[in-house]
Amino acid sequence: MNRKQPEWLDNAVFYEIYPQSFNDTNSDGIGDFQGIIEKLDYIKELGCNAIWINPCFDSPFGDAGYDVSDYYRAAPRYGTNEDLKRLFDEAHSRGMHVLLDLVPGHTSVEHKWFRESMKAEKNEYTDRYVWTDSIWEEPQGMGCIRGISDRDGSCAVNFFSHQPALNYGFYKPDRPWQQSMDDEGPKATLEELKNIMRFWLKMGCDGFRVDMAGSLVKHDDESKGTIKLWQNVREFLDREFPEAAMVSEWGEPDKSIQGGFHMDFLLHFGPSHYNDLFRCEEPYFSSRGKGSALEFVKKYIENYEKSDRKGLICIPSGNHDMYRLARSLSGDELKVAFAFLLSMPGAPFIYYGDEIGMRYVENLTSVEGGYGRTGSRSPMQWDKGVNAGFSTAPAEKLYIPLDSSDDRPDAESQIADEKSLRSEIKRLIAVRMRNEALQSCGEIEFISDGYPLVYKRKSDAQTITVIINPSAEKCTVEGVKGKIIYTVGGSAEIKDGSCFADGTTAVYIEE
Ligand code: GLC
């Protein structure tokens, strides 16, 4: 299964854009495509060469757009399909690539397919969703919507109760209403999914981040059905769009790779121990030095070895679903965390605003199904001007209130300050770009998993030892060969085969 991936992925550094909160150019208080276009140079200047945009299709926005009501139409709040196409073109002209967010598992209840499927009379969409054949029977192990139309049945939901599950079949159907993957309804759903992908790929998008990619086939404990389904999609892509990049939100790289994905996210939920590093009471990256990376490393190695492609696991700095990194780390801790994130295999994903240490805005009322996630989705802080340069709308019209603190970080000030987090991240990305061993497909071997964390990255021609020492205590690493090519935080030196590094410092050493 050693699939070749689109070449640009080998050295991709992604920037995730939550479009609502990025840049508003028509003063309605919400971001738009033109706003993204105008900031492509900002993203490129940081060193990122690819973007992932959260869902930007027609939607009632009950889950920030993860509840699609028309997969073929850009949400008017952001612009038109032509504007989105222009965004692809503008990105390409800068040598950048764009991933859209594909939500294959569910739609909004307002989607025309769902409206049709609610009808008692049989029609083209009767089997588009997972329905039981009696209102009194609930689909086992899933939430459901029922009693909302004349159709005698309950419809399974995939996430929130307004997100009915699309029907890709059951792995082993055991009730009369459960369809198999080979039944007509599930087959039609899959074909429609390919049509959607074809539509956007033809328009110029470079691939997809796939939402809840492991959730499609039901009662599929070992994911064999869902893997088979994605293999079918893979054949279609190989035939028609071999250059399309596929990144899954799955969190089980051995499965996603079998399904033909190029990369898979390390998730902040489930067994990854990602939160041990960044978001728990004593995160590993805190300078208190009381955390542990042990379980994370164990799980990482297990997944790394199970999947035979080296650059498969992507570790994000954060995303629209979790607390901001700057909620638990600050100052040099953040810089050291980025020295780790930007020297790991797989493509790094920087969540908008994390590059300037944007904070989680506490105590906000939920916006568009954000709940506790809302505070991580506040408007980007561009400068010290009105509304932090995000929008010229009146402050009360902003999609989500801004971080109101006087010392909130902003991009403009950080660009001007070479000691800022953003300047550090820019240098770290440049170091990654110059050194093949640090890129997506370089191998990794862990040498130590305590304080410090030590690992070697290797390409055919290069070996780089990375020492990550978040703790405020100095450290000594013995048996080190080579010369220091980059240091973050404090200082470090190599003497008589040992590296001595300050506390809260990261060091890259080339052999
Ligand atoms: C994914 C998205 C999240 C969304 C959910 C349902 O986890 O990242 O924001 O709410 O799927 O689509």
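Just so you know, ligand 1 is whichever comes first in the structure, and atom 1 is the first atom listed for that ligand.
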Atom 4 (C) of ligand 1: nearest protein contact (heavy atom, Å): Asp63 OD2, 3.4 Å
Residue-level breakdown please: for Met322 versus ligand 1, do any non-hydrogen atoms fall below 4.0 Å on the side chain, on the backbone, on both, or on neither? neither
Can you list the atoms of ligand 1 that are under 4.0 Å from a heavy atom of Asp211? 1 (C), 2 (C), 5 (C), 6 (C), 7 (O), 8 (O), 11 (O), 12 (O)
Which class fits the ring pair Tyr72 and Phe199: parallel under 30°, tilted 30 to 60°, perpendicular over 60°? perpendicular
Side chains of Asp182 and Ser180 only: does a donor on one sit below 3.5 Å from an acceptor on the other? no
Row check, Phe61 ring normal vs Arg77 NZ/CZ: under 6.0 Å, within 45°: yes
Counting from 1, what ligand 1 atoms have a heavy atom of Glu249 closer than 4.0 Å? 1 (C), 7 (O), 8 (O)
With atoms numbered from 1 as shown, which atoms in ligand 1 lie under 4.0 angstrom from a non-hydrogen atom of Met212? 6 (C), 11 (O)
Suppose I only count heavy atoms of His106 and a 4.0 Å limit; which atoms of ligand 1 are within that range? 6 (C), 12 (O)
Ligand 1 to His320, heavy atom cutoff 4.0 Å, flagged ligand atoms 2 (C), 3 (C), 8 (O), 9 (O)
Please list, in number order, the atoms of ligand 1 under 4.0 Å from a heavy atom of Arg373. 3 (C), 4 (C), 9 (O), 10 (O)
If you draw the axis of the six-membered ring of Tyr371, does the NZ or CZ of Arg373 fall within 45° of it and under 6.0 Å from the ring centre? no
Could you verify whether a donor N or O on one side chain and an acceptor N or O on the other, from Lys187 and Asn167, lie under 3.5 Å apart? no
Please confirm whether Lys85 makes a cation-pi placement over Trp200, using NZ or CZ under 6.0 Å from the six-membered ring centre and within 45° of the ring normal. no
